Every structure is written in C-alpha cells, then in structure tokens.
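Encoded as structure tokens, the structure appears first; notes follow it.
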Amino acid sequence: MLLTDALRLAMRAVTAQRLRSFLTLLGIAVGIASVILLTSIGEGIHRFVLAEFTQFGTNIASITPGKVKTSGPAPTGIPSSVRPLTLDDTQHLSKLPQVTGVSAMVWGNTEIGANGRLRRSTVNGVGADMLSVYSMSVRIGQFLPNDELENARAFVVLGSKLTTELFGTSNPLGQRVRLGNSQFRVIGVLESKGQFLGVDLDDAAYVPVARAMELFNRDGMMKIDIAYREGVPAASVVKSITRLLEARHGREDFTITTQEDMLRSLSNILDILTMAVGALGSISLLVGGVGIVTIMTIAVSERTGEIGLLVALGAPRNTILGLFLGEAVALSALGGIIGLVLGIGLAQIIHLAVPALPVHTPISFVLLAEGIAIAIGLVAGVLPARSAARLDPVEALRSE
C-alpha cells in the first residue's frame, strides 16, 4: 500500500467518528497544555531568578567571617570568637593580581533625616570600588572617593528612590543628611537598580565602610566582595584569597562563596523544580494514553470485517499494523498540536494578567512535548494494532 493511501485511510478512520476522535485527542491536548503551561511558568521563574543574581555580574567572590559548611553569610549579631574581617584585610586583598575591585560591606537599618523629612531605611557601608564590583552607575554627582579607609570623609551617596522620598525633585547634591546621630554630605545619586529578591536597592544610602562601622558599632566587616577578571577560573581566585587570609589570620576562619558556584547550584535546583512541575502535568498525558488504547481497541472490534477484507485482498499484516498505529499517532499528534496552542496561549494570557509573573516557553519544550504526544500514540496503539494484524481473515469475514 502506498504511503499516501495509508495516510488517507488513517485520516478517514479518524474523521469517521468525529466526536469520539475529538474526545480522545482532547485527553492528549489537555495533558500537553498542562505540561507546556507549568514548564513555561517554571522556566520563566528560572530565568527571572538567575537574572536577579547575575545583574551584579558573575565574576564575584564573597568572603564572610567564620568557617561554615553551607553557603551564605555567617550569622550576624551573635557573639563569636571568630576573628573579624578587617579594613587591613581589604587593602591586602585588593593587591591580588586577578582582582579588579574590592568592596567591604557593613549594613544596617537606621533613621535618615533631611530636608525636614524623616525615613527609616538601609545604610550600606561600602568601598570606593562598589560600582565596578556590582555593575552599578551614578546618575548625578559622583561616587564615594578613594579615601584612606580608616579616615574616610562623611560623604553619602543616595539611591534614586531614597532621594525622591527625601528631596522630591530638588537637587540633593551638597545637602546635609542625618544618618542616626551623624551628619553626612550628599555627593551623588545612583541610577535606579530595582529590587533584588524583594530588597529595594534604590531605597538605600551608601557611605564609606569605616563610617558605617562607627554608625553601627561594629569591629569588623560583615563581608568582603571581590570582583576578578573575566576568564580567570573561580578556583584559582579562591585559592589566592585563601592563601592570603590564612597567612594573615593563622587559620581558615572565613568562608568564600563564588557567584559561579552559587549560580550553578541554583540553576540545578531550578531545573529540578521545572522538571517536577512538568512531571505533574504529564499525569494528564497518561490519562490521554489510556483513552487512545480504549478507543483503538473499540475500533478494532468495530472494523473486524474491514480488516478481514484487507487481508483477503493480500494486504500484509505489517500493513494492517501500520494502519492502526497511524490512526493512533494521528490522534495523538493532532491532540499534541491543539495542546501546544492551548498551553502557549494560556501561558501568555497569564503573563498579560500578571506581568510580574515571568513566563517563557523554549522551542525545545514545544518540540519535546509534541514528540512525547506522538510517542504516547505509538505506545498506546501497539496492542490494538497487533490485535488487528493477528486477526484470522476467514473468521474476520465470517463475523461480518
């Protein structure tokens, strides 16, 4: 039998029972739509989280006081005998050959007063290299000058939102701002950076780290962030930092976390979550597969005479097998296409209704989903097709 004839027979069998065929492929369509919708949301969240972490660059290593087994900063505010990270450590780290910028950090929350207004916000003590380390820029004015760390002048740079809250549309440069009980002079305003994992980076003030240590009564850094050159392996940077600080501290009483390692771990976790939600949606595909088995089994029993006539006219059993497998694949493929349209459409509708919820449907997901639908049709159609191919032609014609 010619391929065109086989396809024509398969499509005619599908369209002969329109309602039954529609209900069968609907099961596959719902399953594919569920998989596409859930994986699109999962992939969108995956990309959103990674973009949040990479907006500051990927060549960053963070050093926190205390040796911990898990990633992330060591607990703050808890009494400890761990030797703190000092301003002197920061100066020595900046001299490492792979390093392009170093910014020690101390942060806290305090009242900020200026222009007759009062606001409680975050104050970050940072180094003069902060802009290059975190890929940030100044909108007006300048950033903190490269003063001696211990004798830094009382300058402050404001985030864009904090500037608006305190000064409205007025020019804040040169104005006095009270942070806690200390007075600072505004020398710059940063470009808007948005939020990072729920923290508003624009609603903050940036002062020299030594001044922040006085403001929050701290004797060491909360962390030191280091930016290193592109193309330099993170492992070699970690090794150099470890060697330097061990020589200074006498032991490894610090923890180094690289952005590269953190992003790799985070990406693995998000990939697993995306696959998990996709697996939940694929349960509907199993239901659709059962529907195809049921419908094809019924079709074999209804078309016993047709099968017997084809065999009697010389059709090989492989042809009978191919015909029924073709019908099953046609049903599942059509269901897959409808499911793809439904899934992508629903994902875009959700994104339009909730713009904050990222949605992304990679073409690889679309091709994989359609491939799975066709594979389900093949698997589900095997048993009914084999039953049809094994029918005895005499018995089949007798039943007619």
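This is a predicted model, so every value here is computed, not measured.
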V102/D225 under side-chain contact (heavy atoms from CB on, under 4.5 Å): CA gap, chis, key distance, verdict: CA-CA 6 Å; V102 176; D225 284 340; over 6 Å; no
Are N115 and Q175 close enough, and set up right, to give a side-chain hydrogen bond (donor to acceptor under 3.5 Å, both in side chains), and what steps lead you there? CA-CA 8 Å; N115 197 32; Q175 299 294 321; over 6 Å; no
Under the criterion side-chain contact (heavy atoms from CB on, under 4.5 Å), I'd like the reasoning laid out for D89 against R248: C-alpha separation, chi angles, the key distance, then a yes or no. CA-CA 8 Å; D89 289 331; R248 290 184 51 78; 2.6 Å; yes
CA sep, side-chain torsions, deciding dist, call: L179, V177, side-chain contact (heavy atoms from CB on, under 4.5 Å): CA-CA 6 Å; L179 305 178; V177 173; 3.8 Å; yes
Evaluate the side-chain contact (heavy atoms from CB on, under 4.5 Å) criterion for residues I63 and L93: first the C-alpha distance (whole Å), next the side-chain angles of each, then the deciding distance (0.1 Å), finally the verdict. CA-CA 11 Å; I63 311 167; L93 287 167; 3.7 Å; yes
Go through the steps to decide whether D129 and S132 satisfy the test side-chain hydrogen bond (donor to acceptor under 3.5 Å, both in side chains), and finish with yes or no. CA-CA 6 Å; D129 290 343; S132 61; 4.8 Å; no
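Taken from OG1 in T39 to CD1 in I36, the straight-line distance is 5.0 Å, to the nearest 0.5 Å. Distance check, rounded to the nearest 0.5 Å: CZ of R218 to CH2 of W107 gives 8.0 Å. To the nearest 0.5 Å, atoms CG (L334) and CG (L26) are separated by 12.5 Å. Atom OG1 of T361 and atom CD of E43 lie 9.0 Å apart (nearest 0.5 Å). Note that CG of L96 and OG of S240 are 6.0 Å apart. Values are rounded to the nearest 0.5 Å. The line from CZ of F155 to CG of D147 is 7.0 Å long, rounded to the nearest 0.5 Å.
Looking only at distances, no side-chain donor or acceptor of T90 sits under 3.5 Å from a matching main-chain atom of A104.
Taking a 6.0 Å sphere around CG of N268, one finds it holds more than 12 heavy atoms contributed by other residues, nucleotides or ligands.
In this structure, the side chains of I140 and E191 stay at 4.5 Å or more apart for every pair of heavy atoms. Side-chain contact between I256 and V237 is absent, with no heavy-atom pair separated by less than 4.5 Å. In this structure the side chain of V138 never reaches within 4.5 angstrom of the side chain of V189, judged on heavy atoms. Two residues are said to be in side-chain contact when any heavy atoms from C-beta on lie closer than 4.5 Å; N109 and V123 fail this criterion. With contacts defined as side-chain heavy-atom distances shorter than 4.5 Å, the pair L340/E370 qualifies. For the pair H249 and T86, the minimum side-chain heavy-atom distance is 4.5 Å or more. Residues N124 and M105 form a side-chain contact, since some pair of their non-hydrogen atoms from C-beta on lies under 4.5 Å apart. Side-chain contact between V232 and N59: absent, with no pair of heavy atoms (C-beta onward) separated by less than 4.5 Å.
Among residues two or more places apart in sequence or in another chain, the salt bridge (charged side-chain N to carboxylate O under 4.0 Å, His left out) test is passed with E246 by none.
Ion pair K193/D202 not flagged as a salt bridge, since none of the NZ, NE, NH1 or NH2 atoms sits closer than 4.0 Å to an Asp/Glu carboxylate oxygen.
Residue pairs meeting the salt bridge (Lys or Arg N to Asp or Glu O under 4.0 Å) criterion with at least one member in residues 102-122, sequence neighbours excluded, are R119-E165, R119-D203.
Ring planes of Y206 and F143: tilted class, angle from 30 to 60°.
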